A.B. asks: 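My questions will all concern the structure given below.
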Amino acid sequence: LPLDLLRLPLFSLSIGTAIASFVAQVLAFVSLPFTFQSILGFPPLEIGLLMMPWPLAVAVTAPFSGWLSDRYSPALVVTAGMLLLATGLTLLALLPAQPTHADIVWRMMLCGAGFGLFQAPNNRTLMTVAPRARSGAAGGMLGTARLSGQAIGAALVALLLGRLGIHGAPFALFVGAGFALLAAIVSVSRIRLFAQARATEVEAE
């Protein structure tokens, strides 16, 4: 592990934000097909189509999030994204007993938009806060954070399904919302650090 980078508060907090965000994402991605098929009764083809709005919303939102992070504190952009994700996951967990396709699609798009707001600003922070000579190690930590979060999220879904049966699937969405809120809290704690870094850059210029 690049302990020298993890000693940088802005870097370590960004890693924490990334891990919690990917835990939330995978909790949703693994549990939603179970919810859609076994609880709501959708056929497999429709389930695949219902999953599509999330990544499509990420693709649309990600360039916009980069533009926002150039103008506002990345901590605020990421926090807003994680709050959107937490809201979307909560609304998915509270779907009515017989939801329409539209009921699901707009909630999935909300989740995707929130996750799209997170990715570009947080990844940029991880790569720019590290010294240029340590950019390789920073990129490696980005991959480690992503895969760690995904592994934890998948394991939590398995645990919930094992303990609660199929009803653990919608409960996993509430847990995912909790991790998204945790990511928002960790992200917003970086605001002062971003301000200090910006002030240092201005003084250097």
Side-chain angles (χ1 to χ4, degrees), residues 1-30 54-55 57-59 61-86 89 111-159 172 175-201 204:
L1 289 174
L3 297 179
D4 57 324
L5 296 180
L6 292 174
R7 292 190 188 98
L8 301 173
L10 193 52
F11 187 88
S12 58
L13 288 172
S14 298
I15 287 291
T17 301
I19 292 174
S21 302
F22 282 108
V23 171
Q25 181 204 36
V26 173
L27 275 162
F29 271 22
V30 176
W54 184 317
V58 171
T61 309
F64 182 62
S65 70
W67 178 83
L68 283 174
S69 64
D70 287 336
R71 288 156 180 78
Y72 305 99
S73 171
L76 290 177
V77 179
V78 171
T79 299
M82 288 298 98
L83 291 176
L84 284 178
L85 178 59
L89 291 176
C111 291
F115 199 78
L117 284 175
F118 144 77
Q119 281 200 109
N122 204 70
N123 292 353
R124 176 187 175 186
T125 299
L126 283 169
M127 297 307 298
T128 57
V129 73
R132 183 172 299 180
R134 300 288 284 146
S135 59
M141 281 302 299
L142 176 59
T144 297
R146 180 178 65 251
L147 292 173
S148 297
Q150 291 172 342
I152 293 169
L156 285 174
V157 175
L159 176 63
V175 178
F179 273 97
L181 283 175
L182 175 62
I185 293 170
V186 176
S187 178
V188 80
S189 69
R190 301 178 297 172
I191 290 179
R192 179 178 56 83
L193 296 174
F194 275 111
Q196 291 175 348
R198 180 57 183 164
T200 302
E201 291 177 3

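Worth saying up front: this structure is predicted, and the values here are computed from it rather than measured.
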A.B. asks: Can you name the nearest heavy-atom pair linking Val77 to Pro121, along with the distance?
C.D. replies: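 That closest heavy-atom pairing would be CG1-CG, 3.8 Å.
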A.B. asks: Just by distance, do the side chain of Ser14 and the backbone of Leu126 share a donor-acceptor pair under 3.5 Å?
C.D. replies: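 No, Ser14 side chain to Leu126 backbone: no donor-acceptor pair under 3.5 Å.
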A.B. asks: Taking atom CG of Asp70 and atom CZ of Arg124, what is their separation to the nearest 0.5 Å?
C.D. replies: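 With rounding to 0.5 Å, CG (Asp70) is 4.5 Å from CZ (Arg124).
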A.B. asks: Using 0.5 Å steps for rounding, measure from the CG atom of Leu10 to the CD1 atom of Ile15.
C.D. replies: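 One finds 11.0 Å between CG of Leu10 and CD1 of Ile15.
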A.B. asks: Looking only at heavy atoms, which two atoms of Leu89 and Ala177 are closest? And how far apart?
C.D. replies: CD1-N, 3.6 Å
A.B. asks: Verify side chain to side chain contact (heavy atoms under 4.5 Å, CB included) between Arg190 and Asn122, making sure each step is shown before the conclusion.
C.D. replies: CA-CA 11 Å; Arg190 301 178 297 172; Asn122 204 70; 2.9 Å; yes
A.B. asks: Measuring from atom CE of Met141 to atom CG of Leu5, what distance do you get when rounded to the nearest 0.5 angstrom?
C.D. replies: 8.0 Å
A.B. asks: Taking all heavy atoms of Ala62 and all of Ala120, pick out the closest pair and write down the distance.
C.D. replies: O-CB, 4.0 Å
A.B. asks: Side chain to side chain contact (heavy atoms under 4.5 Å, CB included) between Trp54 and Gln25: does it pass, once the steps are laid out?
C.D. replies: CA-CA 10 Å; Trp54 184 317; Gln25 181 204 36; 4.0 Å; yes
A.B. asks: What are the two closest heavy atoms between Ala183 and Ser21, and how far apart are they?
C.D. replies: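 Shortest heavy-atom separation between Ala183 and Ser21 comes out as CB-OG, 3.5 Å.
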A.B. asks: Is it the case that more than 12 heavy atoms not belonging to Arg71 sit under 6.0 Å from its CZ atom?
C.D. replies: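 Atom CZ in Arg71 is crowded, with more than 12 foreign heavy atoms closer than 6.0 Å.
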A.B. asks: Atom CZ of Phe179 and atom CD1 of Ile19: how far apart are they, to the nearest 0.5 Å?
C.D. replies: 10.5 Å
A.B. asks: Side chain to side chain contact (heavy atoms under 4.5 Å, CB included) with Ile152: which of Val157, Val26, Val23, Leu147?
C.D. replies: Val23
A.B. asks: Closest heavy-atom contact between Ala145 and Ala18?
C.D. replies: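 That would be CB-CB, 4.0 Å.
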A.B. asks: Is the distance between the ring centroids of Phe22 and Phe118 under 6.0 Å?
C.D. replies: yes
A.B. asks: Under the criterion side chain to side chain contact (heavy atoms under 4.5 Å, CB included), I'd like the reasoning laid out for Ile185 against Thr79: C-alpha separation, chi angles, the key distance, then a yes or no.
C.D. replies: CA-CA 7 Å; Ile185 293 170; Thr79 299; over 6 Å; no
A.B. asks: Could you walk me through whether Ser187 and Met82 pass side chain to side chain contact (heavy atoms under 4.5 Å, CB included), step by step?
C.D. replies: CA-CA 9 Å; Ser187 178; Met82 288 298 98; 5.8 Å; no
A.B. asks: Just by modelled atom types, is the Pro9 backbone N or O under 3.5 Å from a matching donor or acceptor in the Ser12 side chain?
C.D. replies: yes
